[in-house]
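Note that these values count all heavy atoms, side chains included, but never hydrogens, waters or copies made by symmetry.
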Amino acid sequence: MLTQPHLLGISDLTGGDIGMILDLAESYVAQGAGRHKHCGGLEGRTIVTMFFEPSTRTQASFELAGQRLGADVLNMSMQTSSLKKGESLIDTALTLNAMRPDLLVVRHSASGAVSLLAQKVTCAVINAGDGRHEHPTQALLDALTIRRRKGRLQGLTVAICGDIAHSRVARSNILLLGKMGNRVRLIGPPTLIPSGIERMGVEVTDDMGAGLAGADVVMMLRLQRERMDGGFVPSAREYYHRFGLDAEKLALARSDAIVMHPGPMNRGVEIDGTIADDINRSVIQEQVEMGVAVRMAVLDLLSRREEVAEGVDV
Ligand code: NCD
């Protein structure tokens, strides 16, 4: 049983919660790879997804996850909703809440918007990314990918490279990897590293050589230009030269280091296309696959919590 009724951030999870989610997700991986992908468990339940920011992977994998568990899944297109007519986020949420969904999956451009919404509705809420704050299911799927590839999720050195300042993926990963006893190094230009981030227990450098030395995992991040209001980096070409992951830079990490990226990728900006496609090093496609399994586990565990709250025998 998870300790919280919602999944708003990794900061709310205990190490035990994380282990429980990953163990359950593991059991869904094999089923997802087979021909019969339905496993049930959420029949009769309703999941509503509300994405106020564009998404490919995250929304699609929540939808598939819900369907594989047998739930009804409604994807609200927030671009065409009443929000365009001036309705507030909270009014929209209250309207949806009145339709009695069991689980609400929300992505929003404002940090904290999903927690605010969770206080106003009666169902379980999952944060699918809020501003630059948190993206907990991404960190969980990254953790599952690392655990499967490295055989453990502790005592590893993980280098997270690029636009840390605008990245909710980085924040959630820093929290999760730290909780599980790993060493996290952040690499990027000083303009893209938030000041005081060392307080989160990470090491910081602007030198790829120093940051990648001895790394077991190299996690690359996209330059989030939509969240930048000015010149954070001189030019894409110069950025690639200093921070883009190519074969030469990857050779500085451990010889068995894996390469990760949450997507969407900008080839030739933060990562060389041949590294991204190298099946011996890159686990980028596996991350997407683990995304469905992890989201199934989260939906399943949160709905079980609901059932207990309602007094249903499970
Ligand atoms: C990330 C996001 O939206 O925060 N993408 C994702 O969920 N896979 C990272 C990004 O947009 O760069």
Side-chain angles (χ1 to χ4, degrees), residues 2 7-10 13 17-34 37-39 41-42 47-51 53-71 73 75 103-107 114 124-130 134-150 153 158 160 167-177 180 217-222 258-265 271 276-277 279 282-303:
L2 295 179
L7 178 59
L8 300 176
I10 298 296
L13 299 181
D17 288 332
I18 294 168
M20 192 190 307
I21 294 168
L22 299 188
D23 290 346
L24 182 59
E26 191 77 57
S27 73
Y28 290 131
V29 175
Q31 185 141 17
K37 296 184 169 57
H38 270 205
C39 51
L42 260 68
I47 300 169
V48 175
T49 72
M50 297 166 78
F51 278 66
E53 272 192 343
S55 164
T56 312
R57 276 153 278 266
T58 308
Q59 191 166 20
S61 70
F62 267 113
E63 183 174 1
L64 271 184
Q67 286 173 352
R68 287 183 186 175
L69 291 167
V73 185
N75 292 314
L103 292 140
L104 209 50
V105 179
V106 187
R107 169 172 286 190
V114 183
V125 175
I126 300 174
N127 181 2
D130 64 326
E134 277 230 43
H135 189 355
T137 56
Q138 179 69 44
L140 287 161
L141 74 87
D142 290 340
L144 183 59
T145 309
I146 295 171
R147 197 174 82 167
R148 284 167 62 91
R149 284 293 179 134
K150 292 286 158 199
L153 188 59
V158 181
I160 307 180
S167 177
R168 51 199 176 204
V169 175
R171 282 187 66 82
S172 290
N173 265 299
I174 292 167
L175 290 166
L176 189 153
L177 292 166
M180 304 311 277
V217 176
V218 182
M219 193 180 286
M220 302 306 298
L221 298 174
R222 183 175 68 91
I258 55 169
V259 175
M260 307 181 76
H261 194 305
M265 244 185 313
I271 190 165
D277 297 333
I279 53 165
S282 162
V283 297
I284 296 170
Q285 299 308 324
E286 191 172 326
Q287 286 174 268
V288 178
E289 186 183 350
M290 294 309 115
V292 180
V294 153
R295 286 167 181 131
M296 286 173 79
V298 167
L299 292 169
D300 191 353
L301 288 167
L302 285 177
S303 76

Item to check | Distance-minimising heavy-atom pair for Met260 and Val217 | outcome: SD-CG1, 3.5 Å
Checklist entry - In Å, rounded to the nearest 0.5 Å, how long is the span from CG of Asn173 to CG of Asp142? => result 4.5 Å
Checklist entry - Quick one: CG on Leu69 to NZ on Lys37, what's the gap to the nearest 0.5 Å? => result 14.0 Å
Item to check | Considering all heavy atoms, the nearest Phe51-Ala128 contact | outcome: CZ-CB, 3.7 Å
Next on the checklist: Under a 3.5 Å distance rule, please check whether Glu63 uses its side chain to pair with a backbone N or O of Asn75 as donor and acceptor.
Outcome noted: no
Item to check | Pair Asp300-Leu42, side-chain contact (heavy atoms from CB on, under 4.5 Å): steps then yes or no | outcome: CA-CA 7 Å; Asp300 191 353; Leu42 260 68; 4.2 Å; yes
Checklist entry - Any sub-3.5 Å donor-acceptor pair from Ser172's side-chain atoms to Val169's backbone N or O? => result no
Item to check | side-chain contact (heavy atoms from CB on, under 4.5 Å) partners for Leu175, two or more places apart | outcome: Ile10, Ser11, Glu134, Met200
Item to check | Side-chain donor or acceptor of Arg68 paired with backbone N/O of Met296 under 3.5 Å | outcome: no
Checklist entry - Can you name the residues that form a salt bridge (charged side-chain N to carboxylate O under 4.0 Å, His left out) with Arg222, not counting sequence neighbours? => result Glu226
Checklist entry - Going through the distances and angles, do Val283 and Met290 end up as a side-chain contact (heavy atoms from CB on, under 4.5 Å)? => result CA-CA 10 Å; Val283 297; Met290 294 309 115; over 6 Å; no
Next on the checklist: I'd like to check the salt bridge (charged side-chain N to carboxylate O under 4.0 Å, His left out) partners of Asp17; sequence neighbours left out, ordered by chain and number.
Outcome noted: none
Item to check | Shortest non-hydrogen contact from Ile21 toward Val294 | outcome: CG2-O, 4.5 Å
Checklist entry - For the side chain of Thr58 and the backbone of Ser55, is there at least one donor-acceptor N/O pair under 3.5 Å apart? => result no
Checklist entry - Should the pair Asp23-Arg147 be classified as a salt bridge under the 4.0 Å nitrogen-to-oxygen rule? => result yes
Checklist entry - Going through the checks in order, is the side chain to side chain donor-acceptor pair (under 3.5 Å) test met by Gln287 and Thr145? => result CA-CA 6 Å; Gln287 286 174 268; Thr145 309; 5.6 Å; no
Next on the checklist: Could you go through Val218 and Ile258, starting from their C-alpha distance and side-chain angles, then the distance that decides it, and tell me whether this counts as side-chain contact (heavy atoms from CB on, under 4.5 Å)?
Outcome noted: CA-CA 6 Å; Val218 182; Ile258 55 169; over 6 Å; no
Checklist outcome for this item: Heavy-atom closest pair (Ser167 atom, Leu221 atom, distance to 0.1 Å) is OG-CD1, 3.7 Å
Checklist entry - How far apart are the closest heavy atoms of Leu8 and Asn127, and which atoms are they? => result O-ND2, 2.9 Å
Checklist entry - How long is the span from the OH atom in Tyr28 to the CG atom in Leu299, to the nearest 0.5 Å? => result 9.0 Å
Checklist outcome for this item: With sequence neighbours left out, the residues meeting side-chain contact (heavy atoms from CB on, under 4.5 Å) with Ala143 are Leu22, Leu153, Leu176
Item to check | side-chain contact (heavy atoms from CB on, under 4.5 Å) between Leu64 and Val73, intermediate numbers included | outcome: CA-CA 9 Å; Leu64 271 184; Val73 185; over 6 Å; no
Item to check | Residue among Ile126, Ile47, Leu103 satisfying side chain to side chain contact (heavy atoms under 4.5 Å, CB included) with Phe62 | outcome: Ile126
Item to check | Side chains of His135 and Arg171, donor plus acceptor under 3.5 Å | outcome: no
Next on the checklist: To check you understand the geometry: which heavy-atom pair defines the closest contact between Arg57 and Pro262, and what is its length?
Outcome noted: CD-O, 3.5 Å
Item to check | Test salt bridge (charged side-chain N to carboxylate O under 4.0 Å, His left out) applied to Arg149 - qualifying residues, sequence neighbours left out | outcome: Glu286
Checklist entry - Do Gln138 and Arg168 come close enough that some side-chain heavy atom pair is under 4.5 Å? => result no
Checklist entry - With sequence neighbours left out, what residues match Ser61 under side-chain contact (heavy atoms from CB on, under 4.5 Å)? => result Val292, Arg295
Next on the checklist: Nearest 0.5 angstrom please: Leu104 CG to Leu302 CG, how far?
Outcome noted: 12.0 Å
